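Reading through the structure tokens given below for one structure.
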Amino acid sequence: MSWLPLSFGAPMVLWGLLALPVIWWLLRFTPPKPQTEVFPPLKILARVLKREETPQQSPWWLTLLRLLMAALIVTALAEPVFNPRERLPAEGAALALVIDNDWASAADWGQRVATAERLITDASSNDVPVIIAFTAEKPNAEIGPFDAATALDRLRAAKPRPIPTDRPAVYARVAATLETLPGASVAVLADGLAAEGDEAAFNTLLSKNAARVVWAASDRPSLIGLTGADNQVDGFELTAIRAPGDPTPAQVTAGAFDDKGRRIADATLTFSPGEATATGTMAVPFELRNDFASIALDGQRQAGAVRVLDENSKRRRVGLLSQAEADQAQPLLSPLYYIRRALQPFADLTEPSSADLADAIPQLLDQKPAMIVMADVGTIPEQVRQRLVDWVDNGGTLVRFAGSRLVAAGNDDDLLPVRLRTGERSLGGALSWTTPQPVTDFPKTGPFSDLAPPAEVTVTRQVLAEPTPDIVERTWATLADGTPLVTGMKKGKGTLVLFHVTPEATWSNLPISGSFVEMLRRIVQLSRNQGAAVANAEAAATSLAPYRMISADGTLVPPTPDARPLVPGAGPLPVTFENPPGLYGSETGVLAHNLLNAESRFAPLVRPQITVPVTTIQYAFDESHNLKGPLVATALLLMVLDTLAVFWMGGLFSRRPRGAGTAAATTAALLIALGALVGHTDIVRADDSKPGDERAIEDISKTRIAYVQTGERSVDSISQAGLEGLTRFLIEKTALEPGAPASVDISKDQLSFYPLIYWPIDPAAPMPSQAAIGRVDAYMQQGGTVLFDTRDQFATGIGADSASPATERLRDILGNLNVPPLEPVPSDHVLTKSFYILPEFPGRFAGGPLWVAASLEATNTENRPVRTGDGVSPIMITANDFAGAWAVDENGDPLLPTVPSDPMQRIYALRAGVNIMMYMLTGNYKSDQVHVPVLLERLGQ
């Protein structure tokens, strides 16, 4: 029975509410209150005999309490449910539950599981076995039938996979199982996207043995996927798709991430009303684009919204070099014309400003290209030849084209992949053909192995290679007579490539063919400084181990145990259970294997024509709540209150002399029972905290400056007041909000909680023990800094032969520490610029230097704002009495005068303290050259 939004599982029990009047009549009376009398007993007996007792009437509030308690018990036995849900048709011989757990289901997987749980629960109430199958699991995964408890366990253990569905295979297995269970209910929990083979799969599943169908699918999938991320000339061009027919416009933001997960670029893609495709461009420099490791759409937590990138997505800088001057009247005869046209779509081209090879080659090498193309370049000048050879050995790719100059220059073993014969071969002559030679199949050992041989390409002239034992291994393309057309070899970390024809269409029509573009593209893919991982044929013939996988929610995770090595081949590779999307290879090179490709489209799943009864449901969480437990708990609470009321009316709580302990014990027992029944009694936990933990928690909750307890009360009070003054100044002038200063005993307190410890040196204080000095030494070695202050600026200096008592004590302390070489703070040190620009570091006294660890090899490089190599100094020494200058009273007024008496000296002292704290917290951040362009750019804005 249901009265929205409340229903009852056993509504007949509600007839018990008719007994409430009888209960009221029974509860109207309470036993007479006991009468208290004192001796003599005969008087009590006389009153008892003379007086007729009558029951005492119950108060109205107690009667109401008991009636309410009875009503709650009756209502609870009727099993009320708030916001009840409709029972699903999970009956018959069995329930076949078929669930899509592919990448498209990841975004709302929780709702799908909740919907499936309701179906299994209803099947359990009908004592129906459950067949549960997932369309993105292993082909041999067990599907049942199971009992309801086992089916729930398998459902909760399942998770979405970053792969497409395989409905035909899974539906066929479910249909085969249903042949032994005719009249079953079939529940289809689909992802809402159509896939290849759906019509046949649904016919197989629903054509027989299905008595009724439960259909759950998204009417309009809100998925957006990335199908393309191409590194073009002006930027990274992105393509996104969504389901067609959506009349509303939409915008989505794409973010580019580097290999460390940092976001380095953004782009906005806009879908027009009714459009299913959107494009956008990340217009950033190609150097930054080459750092892209993945691109993801914001707000789309699924694998289709992420694309991982490999070396094929990185643009290379290619240098072009030719000794022939360009003919403006006939550009087609230029040696570099066809090379430019072929490389421009996927490479950034650069050319020297000088035609002299001695100047042109260094100009190209200064641009740090990944590849250099030489179109009929002859002899390399000696003054630049070795630099070009070193560039190849270190990872560069040198591509050379034949021509008259190359033939005249002769062999160069360091810059040619093969040795050449003298002269060239052409139609006519001793080394000649009778007919032009075509190109045959590309060798399997070269990078062009998966390309189709260009049938339209012929060669009429070429330079010949000397036949050597390794000529076959170095041949990447051959002619019909077996002579090499393209040769290549690895040299050091780089590659040498030679086209045995000219780059213009004089010796061959190869430069004007489509194969020429693909061949140059493959060579550009080889041009990576760290070596080719998957672009060469040797790696392509082997399998690539899983490296980083894309999970169903779109995050990059380590490979799962089910992932298997990927064997690259021609064309896009399918995404399967054993080859999920992600990166395959190793740290030296990876291959991107993405879920969606350029031909992918989203088509909404159309419900098939079904002849049996169909119930359509929506994915949703179960919002119904069983009220039986709360009602029983409330009734028990009222019962406890009733008991306490009876004790109070009986005078139990008023008997202080003898019954107070009993009443208290009874009350405590009732309260404990109440807590146990209601379920809200907190468990008393043992206090496992240790002494000192509270202070440790306080010390690490905020940044705090500490000072060393010297044992001299006047010195310690000035240190406390000084650090309080510096703390106030830091809060007022900076974004740092440190906590209250802390005093530390270096012999026993934990020092690692504080980034800076101020140590005033006083000769009257006891000399620290060796163990205490050792703890300070360990603190400095682990990254902490100690600021020693001798406070004796007007006494003998630190480095003098005759030192003050404070300096002598400091020397005794430093003699037991591992102190690095020291120097006064240089003018270009980070400390002079960490927050304020400071030429000196005065305290209460002025003129004394601040000593820090000396910077090794501290030479300035060009345009570097601060000293190179500035780390965080573990020690600082001053004699200027910083704490005396910082010290303030409760009103913020200075405690001690400065010497000389200059108000600005105290300001400079506080600024020095700010610079020291910023230096401690930021380290060498401001000396890091990588931040200079960003800082300059922000200043320009």
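Source: prediction; values computed, not measured.
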- prompt: Under 6.0 Å between the ring centres of F257 and F292?
  reply: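 No, the ring of F257 stays outside the 6.0 Å limit from the ring of F292, centre to centre.
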
- request: Taking the six-membered ring for Trp and the single ring otherwise, decide whether the centroids of W103 and F602 are under 6.0 Å apart.
  value: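 For W103 and F602, the ring centres are under 6.0 Å apart.
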
With a 4.5 Å cut-off on side-chain heavy atoms, are [Y] and [X] touching?
{"X": "P613", "Y": "V213", "answer": "no"}
{"X": "P630", "Y": "V632", "answer": "no"}
{"X": "H593", "Y": "L583", "answer": "no"}
{"X": "P565", "Y": "L544", "answer": "no"}
{"X": "P162", "Y": "S551", "answer": "no"}
{"X": "E578", "Y": "L566", "answer": "no"}
{"X": "L152", "Y": "V130", "answer": "no"}
{"X": "I131", "Y": "L178", "answer": "yes"}

message: If you apply the rule salt bridge (charged side-chain N to carboxylate O under 4.0 Å, His left out), what do you find for R167 with D100, and how did you get there?
response: CA-CA 8 Å; R167 293 188 185 120; D100 286 345; 2.8 Å; yes

Between [X] and [Y] (side chain of the first, backbone of the second, donor and acceptor by atom type, cut-off under 3.5 Å), is there such a pair?
{"X": "N597", "Y": "S600", "value": "yes"}
{"X": "R564", "Y": "P561", "value": "yes"}
{"X": "D310", "Y": "A592", "value": "yes"}
{"X": "Q302", "Y": "A305", "value": "yes"}
{"X": "D198", "Y": "A194", "value": "no"}
{"X": "R154", "Y": "E142", "value": "yes"}
{"X": "R173", "Y": "P139", "value": "yes"}
{"X": "D191", "Y": "L193", "value": "yes"}

Quick test of your reading of the model: are [X] and [Y] salt-bridged, counting only N-O distances below 4.0 Å?
{"X": "R262", "Y": "D259", "value": "no"}
{"X": "R242", "Y": "D246", "value": "yes"}
{"X": "D230", "Y": "R307", "value": "no"}
{"X": "K138", "Y": "D562", "value": "yes"}

For a quick test of reading the model, state the closest non-hydrogen atom pair linking [X] to [Y] and the distance between them.
{"X": "A148", "Y": "S124", "value": "CB-CB, 3.4 Å"}
{"X": "L556", "Y": "V308", "value": "CD2-CG1, 3.6 Å"}
{"X": "A265", "Y": "V284", "value": "CB-CG1, 4.2 Å"}
{"X": "A151", "Y": "I132", "value": "O-CD1, 4.0 Å"}
{"X": "F134", "Y": "V170", "value": "O-CG2, 3.7 Å"}
{"X": "P244", "Y": "P604", "value": "CD-CD, 4.0 Å"}

Side chain to side chain donor-acceptor pair (under 3.5 Å) contacts in which one or both residues fall within residues 269-281, not counting sequence neighbours: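 Residue pairs passing side chain to side chain donor-acceptor pair (under 3.5 Å), neighbours aside: Q251-T270.
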
field: With A267 via side-chain contact (heavy atoms from CB on, under 4.5 Å) - residues at least two apart
entry: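 Here the qualifying residues are L238, M282.
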
query: How would you list, by chain and number, every residue that makes a side-chain contact (heavy atoms from CB on, under 4.5 Å) with P559, sequence neighbours excluded?
result: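 Counting only residues at least two positions away or on another chain, P559 forms a side-chain contact (heavy atoms from CB on, under 4.5 Å) with P546, M549.
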
query: For F202 and Y171, what are the C-alpha separation, side-chain angles and deciding distance, and is it a ring-ring contact (aromatic ring centres under 6.0 Å, His included)?
result: CA-CA 7 Å; F202 283 113; Y171 286 10; 5.3 Å; yes

field: side chain to side chain donor-acceptor pair (under 3.5 Å) assessment of N101 paired with R161
entry: CA-CA 6 Å; N101 65 323; R161 304 283 186 180; over 6 Å; no

Crowding at CG, D127 (>12 non-hydrogen neighbours, <6.0 Å):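 At most 12 heavy atoms, drawn from other residues, nucleotides or ligands, come within 6.0 Å of this atom.
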
- prompt: Are D153 and T150 close enough, and set up right, to give a side chain to side chain donor-acceptor pair (under 3.5 Å), and what steps lead you there?
  reply: CA-CA 5 Å; D153 292 339; T150 304; 5.4 Å; no

- prompt: Is NZ or CZ of R112 both nearer than 6.0 Å to the six-membered ring centre of Y619 and within 45° of the ring axis?
  reply: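 Pair R112/Y619 counts as cation-pi.
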
- prompt: Roughly how far apart are R118 CZ and I617 CD1, rounded to 0.5 Å?
  reply: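 Answer for the CZ-CD1 pair, R118 versus I617, is 6.5 Å.
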
task: Could you check I295 against V306 for side-chain contact (heavy atoms from CB on, under 4.5 Å), going step by step and ending with a plain yes or no?
output: CA-CA 6 Å; I295 297 178; V306 178; over 6 Å; no

